[in-house]
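Atoms within a ligand are numbered from 1 in the order they appear, just like the ligands themselves.
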Amino acid sequence: MGIVGYVGHRNALPIVIEALKRLEYRGYDSSGCGIIHDGKLQIYKKTGKIVELERSLPEPNSCDGNVAIGHTRWATHGGPTEINSHPHADCTGTLAVVHNGIIDNYQLLKQRLEKLGHIFKSDTDTEVIAHLIEQYRKTTDNIEDAIREALKAIEGTYGLVVISEDDPDRLFCVRKGSPIIIGVSEKEMFVTSDVNAIVSHTSRVVYLQDHEMAVISKDGMNITTMDKTHVDPLISTVDWDISAIDKGEYKHFMLKEIFEQPTTIANGFRTRINEELCTARLGGLNLPMSELRKIKQIHLVACGTSYHAAMIGKYMIEDMARIPVYADIASEYRYRNPIIPDDTLVFVISQSGETADTLAALREVKAKGANVLGITNVVGSTIARETDGGTYIHAGSEIGVASTKAFTSQVTILTLLSILLARQRSLNPIQGYEYINELKKIPEKIEEILKKNDKIRKIAASIKDSTNALYLGRGINYPVALEGALKLKEISYIHAEGYPAAEVKHGPIALIDEHMPVVAIATHDALFEKVYTNLQEVKARGAKLIIITTKETPELREIAEHLICIPDTLSNLQPLLNVIPLQLLAYHVADLRNLDVDQPRNLAKSVTVD
Ligand code: M6R
């Protein structure tokens, strides 16, 4: 879901449409916009991509104006229909809202408003906001106060922008739990839920805090709290490379982002290595070394791909620093009343920094009085701001819905954390040096793997019509198998499962026949012989084996349909290499199936709802 708004001296709709296109990756089942044209509010909506909305707009001279809002939707309440698209208007059609978040008590509010005579058009929770403001408008002098009153009645989360004929030169922006960012420029102001939408216009932004309202006009902004206390805006500069939001020579963002990984991984570790002491430095943790030494337990909490990075972190930290680590899915962690003893370090990991479940887990940790650190990509995101410290992965904008470069950057940061914690404990300088030295070689080794792109496309062609696939790995490569399977299923819609290789014989082996591709990670670490035995077991049941390995041996050639041979490294760093062919394989399968790789069905780049 994405919000945009413009107020200034230029024609607003083309700016809003362009900004919506930049946000399409956040949700793309329908979109809409509202503009004040000749003093009247006009609303346009369309299902499908933003380009459909753009095509449906009337001639420019009948929809021009200087104040507009827009929204791209990922359906939560109510199906992906035109009626359910934002903006949602009140009964009079003179006021409309775009909203990210969830209104928990919307059914109750809707019933009350219906009793008062309000007519609802959509099935959404958002529409109650417009009618509530309309209701309060009857008893208050101005729209701003009506919004304040309406928000008092609302339970839930929102990033909200209101446009109204009553106050046609201004936009009203509010947040509680869902980001709202104001972009500041000369004689024009922007509003968005994601800075990507507006960086082509301005790099000067204000991150609205929860329970704040910004009223923006072409001449500036006025920020107040809900009890009308004035807030001085804190203007930050966004250091965002605009080229990152173009596909360049690549067919899809996902492919571009896969190929960026040598650079993004290097960006993650470049300034964070202490060569002299053979350790890592992560200043953003805001913890003195003496405190870090006391850590007895670590929790790594995340969703989706970020959770797979957390699982790899668990294997690495436990092996290198001998500290017990619990990797947890945020949506489970937040509700299971986690036990957080003293001397526990909690990290939440999130590319977007906005994932609702991860944010809720963060808040739960804080409610228990514990410190929580973040590993995030998006600078200034809610998670980055609410954590007590942490580290940015510096992967740059990730547009493809399937996370690739953020994953390897998260693993890079977790590697640095493992080195840092391990050097304080049992890792000696020579071992520390070895890790650092190998980490520095990862980018060039990934370049080597990327050269196999064509070969991997051919392998993808051989499995593109499958209906199921199994991904196997053991030890630290088990989460890599999970990640490979997630990549395949989310963009190719082929059902895929990741499994610990030895566990297959306890059930899933029953699924295997000659139609089931099995993608196995069999790199030459301490578990290689064990994995090989497991692969023979599945081969004996007719599986078509695609094996990722570091040495092309006759024994592997004998059982593999396809072998992908990649460089080796220390076994704790091997996931950084092993995941690359799996990303490419998933990409090519989806592309060969002519699917929308960057914007797969039913998904959104960041899931800002429970
Ligand atoms: O922004 P986050 O890292 O918090 O997102 C977590 C997941 O929603 C995300 O990794 C998702 O699983 C991706 N689509 C996977 O490619």
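- Applying the side-chain contact (heavy atoms from CB on, under 4.5 Å) criterion to Lys544, with sequence neighbours excluded, gives Glu561.
- The protein heavy atom nearest to atom 8 (O) of ligand 1 is Val607 CG2, 4.2 Å.
- When each atom of ligand 1 is checked for a heavy atom of Ala402 under 4.0 Å away, the hits are 16 (O).
- Within ligand 1, counting atoms from 1 as listed, the ones closer than 4.0 Å to a heavy atom of Ser306 are 2 (P), 3 (O), 10 (O).
- Ligand-side atoms of ligand 1 in range of Glu490: 13 (C), 14 (N), 15 (C), 16 (O), range being under 4.0 angstrom from any heavy atom.
- Within the listing of ligand 1, atoms 15 (C), 16 (O) sit less than 4.0 angstrom from a heavy atom of Ser403.
- One finds the CD1 atom of Ile349 at 6.0 Å from the CD atom of Gln410 (value rounded to the nearest 0.5 Å).
- The protein heavy-atom contact nearest to atom 15 (C) of ligand 1 is Thr305 OG1, 3.0 Å.
- Residue-level proximity to ligand 1 for Lys487 is carried by the side chain, the only part with a heavy atom below 4.0 angstrom.
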Verdict with reasoning, Thr126 to His86, per side-chain contact (heavy atoms from CB on, under 4.5 Å): CA-CA 8 Å; Thr126 301; His86 303 213; 3.2 Å; yes
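- Ring geometry for Tyr250 versus Phe259: interplanar angle of 30 to 60°, hence tilted.
- Every atom of ligand 1 is numbered from 1 in the order shown, and the set under 4.0 Å from a heavy atom of Ser352 is 1 (O), 2 (P), 4 (O).
- For the side-chain contact (heavy atoms from CB on, under 4.5 Å) test, residues two or more places apart in sequence or in another chain that qualify with Ala485 are Tyr471, Ala496.
- Nearest to atom 4 (O) of ligand 1 by heavy atom, out of Thr355, Ile491, Thr376, is Thr355.
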Start with the C-alpha distance between Glu18 and Ser200, add both sets of side-chain angles, then the distance that settles side-chain contact (heavy atoms from CB on, under 4.5 Å), and finish with yes or no. CA-CA 10 Å; Glu18 182 233 48; Ser200 58; 3.9 Å; yes
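- For His252 and Tyr587, the gap between ring centers is short of 6.0 Å.
- Ring geometry, Tyr158 versus His99: the interplanar angle falls from 30° to 60°, so the pair is classed tilted.
- In terms of polar-atom proximity, Gln351 is counted as a contact of ligand 1, with an N or O under 3.5 Å from an N or O of the ligand.
- Considering backbone and side-chain atoms together, Val401 places an N or O closer than 3.5 Å to an N or O of ligand 1.
- Closest to atom 6 (C) of ligand 1 among all protein heavy atoms lies Cys303 O, 3.3 Å.
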